[in-house]
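As a basis for the values below, the full set of heavy atoms in this structure was taken, side chains included, without hydrogen atoms, waters or symmetry mates. Counting from 1, the numbers follow the sequence of the chain as shown. Being a predicted model, the structure only gives us computed values, none of them experimental.
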Amino acid sequence: DLEVYDQNTGNWVQKNNAFYVNYTAPVAQINSISPSSGEQGQTLSVYISGNVSTNFGYFSATTSGLPYTGFRFSQWSGSNMFYGVPHECYTTNIYGNISIPNGQNIGWYNLEVWDQNTSSWLMLNNAFEVQAVSGCTDSLAYNYNPTAAVDDGSCLYPQLDSITPNSGIQGQTLSVTISGTDMFLF
């Protein structure tokens, strides 16, 4: 209803059903995950946020969270999955851990979180990227990483700076000092 005060008559004038408020409740959704990527074999602490219509439940590490909520990652319409373990949940936020399996396929994954209001899985498409392990792929470098699939340019090699003394007579026995960087393997 709408009421307007008429100053000429000193009365309120009313019009029934004059105004309608069109309200649509927001749909529950996942907003983000941070971090949004990790390497095969890596364990990460993650933060997941939802909008005001989500209800991920409420619990802390001192209560059992698994019956209340959960989250998982999937590729290709629900296959090729791995799971997260929540340790704190505050209605629209989840704090948890994920362990990305060593052999997990690289690429983008959908994030799915159980919503208690809808009793269903909410999905955020292409929310998390599993990346190949990066590191030194040169087996001659002393920091070689045999699990690395992507060379990140971090390979380190010993560098010889000087030898003192740097000359001698044939047959002479010398005590020499060798200096350099990253020489601990010698």
Side-chain angles (χ1 to χ4, degrees), residues 21-157 182 184-185:
V21 176
N22 186 7
Y23 174 76
T24 304
V27 176
Q29 69 181 28
I30 304 166
N31 290 339
S32 64
I33 181 170
S34 179
S36 60
S37 66
E39 293 183 347
Q40 296 165 320
Q42 188 176 23
T43 297
L44 298 168
S45 292
V46 296
Y47 167 74
I48 300 168
S49 69
N51 69 358
V52 295
S53 294
T54 57
N55 183 4
F56 298 145
Y58 180 82
F59 66 91
S60 67
T62 59
T63 63
S64 173
L66 293 177
Y68 300 107
T69 194
F71 63 99
R72 62 190 183 191
F73 301 86
S74 67
Q75 276 186 324
W76 310 308
S77 300
S79 64
N80 197 26
M81 301 178 89
F82 64 100
Y83 295 83
V85 178
H87 56 81
E88 290 185 68
C89 186
Y90 302 101
T91 308
T92 61
N93 303 306
I94 297 174
Y95 298 87
N97 296 317
I98 57 172
S99 293
I100 304 168
N102 283 323
Q104 193 69 39
N105 289 351
I106 60 171
W108 285 97
Y109 284 74
N110 300 327
L111 169 62
E112 300 177 39
V113 180
W114 184 256
D115 180 62
Q116 292 187 34
N117 283 342
T118 62
S119 296
S120 63
W121 290 97
L122 302 178
M123 185 183 302
L124 181 60
N125 292 324
N126 297 320
F128 191 84
E129 183 182 20
V130 173
Q131 301 168 339
V133 176
S134 61
C136 177
T137 60
D138 184 351
S139 62
L140 299 177
Y142 72 81
N143 64 328
Y144 168 64
N145 181 350
T147 64
V150 176
D151 195 315
D152 64 1
S154 67
C155 295
L156 298 173
Y157 305 91
D182 301 321
F184 65 87
L185 293 177

- Could you tell me which non-hydrogen atom of E112 sits nearest to which non-hydrogen atom of S74, and how far apart they are? OE2-OG, 2.6 Å
- Query: Do the non-hydrogen side-chain atoms of V46 and S34 ever get within less than 4.5 Å of each other?
  - Reply: no
- Message: Quiz question: by atom type and distance under 3.5 Å, do the side chains of N105 and Q40 form a donor-acceptor pair?
- Response: no
- Query: Can you tell me how far the SG atom of C89 sits from the CH2 atom of W114, to the nearest 0.5 Å?
  - Reply: 13.5 Å
- Approximate separation, where rounding is to 0.5 Å, of N31 CG and T54 OG1: 7.5 Å
- Item | Which residues share a side-chain hydrogen bond (donor to acceptor under 3.5 Å, both in side chains) with S139, sequence neighbours left out | none
- Message: Which residues pass the side chain to side chain contact (heavy atoms under 4.5 Å, CB included) test with S32, not counting sequence neighbours?
- Response: S49
- Message: Could you measure the distance from the CD1 atom of I33 to the CG atom of L44? Nearest 0.5 Å is fine.
- Response: 8.5 Å
- Query: Atom OG1 in T91, atom CZ in F56: separation rounded to 0.5 Å?
  - Reply: 10.0 Å
- Is a side-chain N or O of Q75 found less than 3.5 angstrom from the main chain of W108, in a donor-acceptor match? yes
- Message: Apply side chain to side chain contact (heavy atoms under 4.5 Å, CB included) to residues V130 and F82 and explain how you reach the verdict.
- Response: CA-CA 11 Å; V130 173; F82 64 100; 3.9 Å; yes
- Message: Suppose we screen for side chain to side chain contact (heavy atoms under 4.5 Å, CB included). Which residues come up paired with T137, at least two apart in sequence or across chains?
- Response: A148, D151
- Residues forming a side-chain hydrogen bond (donor to acceptor under 3.5 Å, both in side chains) with D138, sequence neighbours excluded: Y157
- Query: Under a 4.5 Å cut-off applied to non-hydrogen side-chain atoms, are N110 and N126 in contact?
  - Reply: yes
- Message: Show me the pairs that pass ring pair (Phe, Tyr, Trp, His ring centres under 6.0 Å) and involve residues 26-47, at least two apart or across chains.
- Response: Y47-Y95
- By ring-ring contact (aromatic ring centres under 6.0 Å, His included) - contacts of F128 (at least two apart): F73
- Please round to the nearest 0.5 Å and tell me the distance separating atom CG of L111 and atom CG of L124. 6.0 Å
- Under the side chain to side chain contact (heavy atoms under 4.5 Å, CB included) rule, collect the residues that match up with S53, sequence neighbours excluded. P26, A28, N51
- Message: Could you work out, with side chain to side chain contact (heavy atoms under 4.5 Å, CB included) as the rule, every residue matching S134, not counting sequence neighbours?
- Response: E39, V150, D152
- Item | Counterpart residues, side-chain hydrogen bond (donor to acceptor under 3.5 Å, both in side chains), relative to Q42 (two or more places apart) | none
- Message: My understanding is that only residues two or more places apart in sequence, or in another chain, count here; which of them pass side-chain hydrogen bond (donor to acceptor under 3.5 Å, both in side chains) with N97?
- Response: S45
- Is the backbone of N55 close enough, under 3.5 Å, to the side chain of D115 for a donor and an acceptor to pair up by distance? yes
- Not counting sequence neighbours, list each pair that qualifies as a disulfide (SG to SG under 2.5 Å) and has a residue in residues 107-145. C136-C155
- Of N125, T92, L122, which is the lone residue that meets side-chain contact (heavy atoms from CB on, under 4.5 Å) with I30? L122
- Task: Any chance you could measure E129, atom CD, to I100, atom CD1, to the nearest 0.5 Å?
- Result: 10.0 Å
